[in-house]
**Student:** 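Quick one: this structure, given as structure tokens, is what I'll be asking you about.
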Amino acid sequence: MKKILLILMGIVLLSVAAIGCAGPEIVPGASGDVEPHPMPTPDVIIDDSQDLTDDTNTPEPNDGSQFGDIGQQVFMNVSGIVVSIETVEGLTHVEIEDTDGNPAILVLSDETVFPFSAEVAIGDTVQGWYCANSPMIMIWPPQYTIEVLAVNMSDSQNIKVDRFHAWGEDGMGQFISTDEMFVFMTDENTEVVLQDGQDFSDGDFNNRRIVVIYGPSTRSLPEIATAEKLIVLFEGISPFA
């Protein structure tokens, strides 16, 4: 009799073990279907150490922060001597070499702005500006899509291309570049135009991309100068500048 009971208990224990390895426990649903028990939801830890309604760090308007570029370069430049010019798929490819002999291709289009002469020839000294955040093809020599190209700029001429924001608390019409390295002012002799040549002297160029042409400047940081000419670039739809 004891042997029979031991055999029966062994069978029961084996059955229980088999059920435990089969997966989650199942129970009949309301409609008689078999449904698994819902998995337990893990605890969510919420860090309430910061007050999300605190607006003490909200930037003041007109400081350029809506662009996220204060302290950064919006434009970068490349310069050299023109060694060849060719047309590729409707675009002008200007090959240059810098003072170390390194080559680069400047890609010009109908949208390229020429602050001075629009004529480019082999042997010319050029300086081109391109959007710092624009994608680049990983080839050699490097190619740059040029937005502004200065040809044979004289020693007395200087150019700063950047996005500018109103600067100072006295409202005296000073504007600082997003890299915070240059400030310009205007006077009655400053010419202000859009990139297509239209007069823009009565326009608002706060938070705009501008080609600033100037002469003498201070040796301070930021550098300060009175603009001789401003060329206000169209914004377009490019997200890169």
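Values below: every heavy atom of this structure, side chains too, minus hydrogens, waters and symmetry copies.
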**Student:** Is it true that T125 and N152 share a donor-acceptor pair across their side chains at a distance under 3.5 Å?
**Tutor:**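 Not at all, the side chains of N152 and T125 share no donor-acceptor pair under 3.5 Å.
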**Student:** To check you understand the geometry: which heavy-atom pair defines the closest contact between L106 and I146, and what is its length?
**Tutor:**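 Heavy atoms only, the tightest pair is CB-CG1, 3.7 Å.
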**Student:** Counting N and O atoms only, with roles assigned by atom type, does the side chain of Q195 sit under 3.5 Å from a partner on the main chain of V232, one being a donor and the other an acceptor?
**Tutor:**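 Judged by distance alone, no pair lies under 3.5 Å.
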**Student:** Tell me who clusters with V107, hydrophobic residues only, linked when side chains sit under 4.5 Å apart either directly or through other members.
**Tutor:**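 Via sub-4.5 Å side-chain contacts, V107 links to L91, I105.
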**Student:** Could you check whether any side-chain N or O of R209 sits under 3.5 Å from a backbone N or O of F234, counting only pairs where one atom can act as donor and the other as acceptor?
**Tutor:**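 Present.
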**Student:** Could you give all pairs that pass the ring pair (Phe, Tyr, Trp, His ring centres under 6.0 Å) test and reach residues 118-154, with sequence neighbours left out?
**Tutor:**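 Residue pairs passing ring pair (Phe, Tyr, Trp, His ring centres under 6.0 Å), neighbours aside: Y130-Y144.
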**Student:** Which atom names give the shortest non-hydrogen contact between A150 and I159, and what distance separates them?
**Tutor:**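 Of all heavy-atom pairs spanning A150 and I159, the closest is CB-CD1, 3.9 Å.
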**Student:** Give the minimum heavy-atom separation between T186 and F205, together with the two atoms involved.
**Tutor:**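 So the two residues come closest at CG2-CZ, 4.3 Å.
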**Student:** Return yes if some donor-acceptor pair links the side-chain N/O of S117 with the main-chain N/O of V151 below 3.5 Å, else return no.
**Tutor:**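 Checking the backbone N and O of V151 against the side chain of S117, no donor-acceptor pair under 3.5 Å is found.
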**Student:** Kindly say whether V126 contributes a backbone atom to a donor-acceptor pair with the side chain of S79 at under 3.5 angstrom?
**Tutor:**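 No: the side chain of S79 does not pair with the backbone of V126.
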**Student:** Tell me whether D196 contacts the main-chain N or O of Q198 through its side chain, where contact means a donor paired with an acceptor under 3.5 Å.
**Tutor:**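 Yes; judged by distance alone, with no hydrogens or angles, the pair exists.
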**Student:** If every non-hydrogen atom of D187 is compared with every non-hydrogen atom of N189, which pair is closest and at what distance?
**Tutor:**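 D187 and N189 have their closest heavy atoms at OD1-N, 2.8 Å.
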**Student:** Taking only Lys NZ, Arg NE, NH1 and NH2, and the carboxylate oxygens of Asp or Glu, determine whether E223 and K160 approach each other closer than 4.0 Å.
**Tutor:**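 Result for this pair is no, no salt bridge flagged.
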**Student:** Under a plain distance cut-off of 3.5 Å, with no hydrogens placed, do D179 and Q73 share a side-chain donor-acceptor pair?
**Tutor:**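 Not at all, the side chains of Q73 and D179 share no donor-acceptor pair under 3.5 Å.
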**Student:** Using modelled atom types and a 3.5 Å cut-off, is there a donor and acceptor pairing between side-chain atoms of N158 and backbone atoms of G215?
**Tutor:**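 Yes, N158 side chain to G215 backbone: donor-acceptor pair under 3.5 Å.
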**Student:** Keeping T218 on the side-chain end and I224 on the backbone end, is there a donor-acceptor pair under 3.5 Å?
**Tutor:**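 Checking the backbone N and O of I224 against the side chain of T218, a donor-acceptor pair under 3.5 Å is found.
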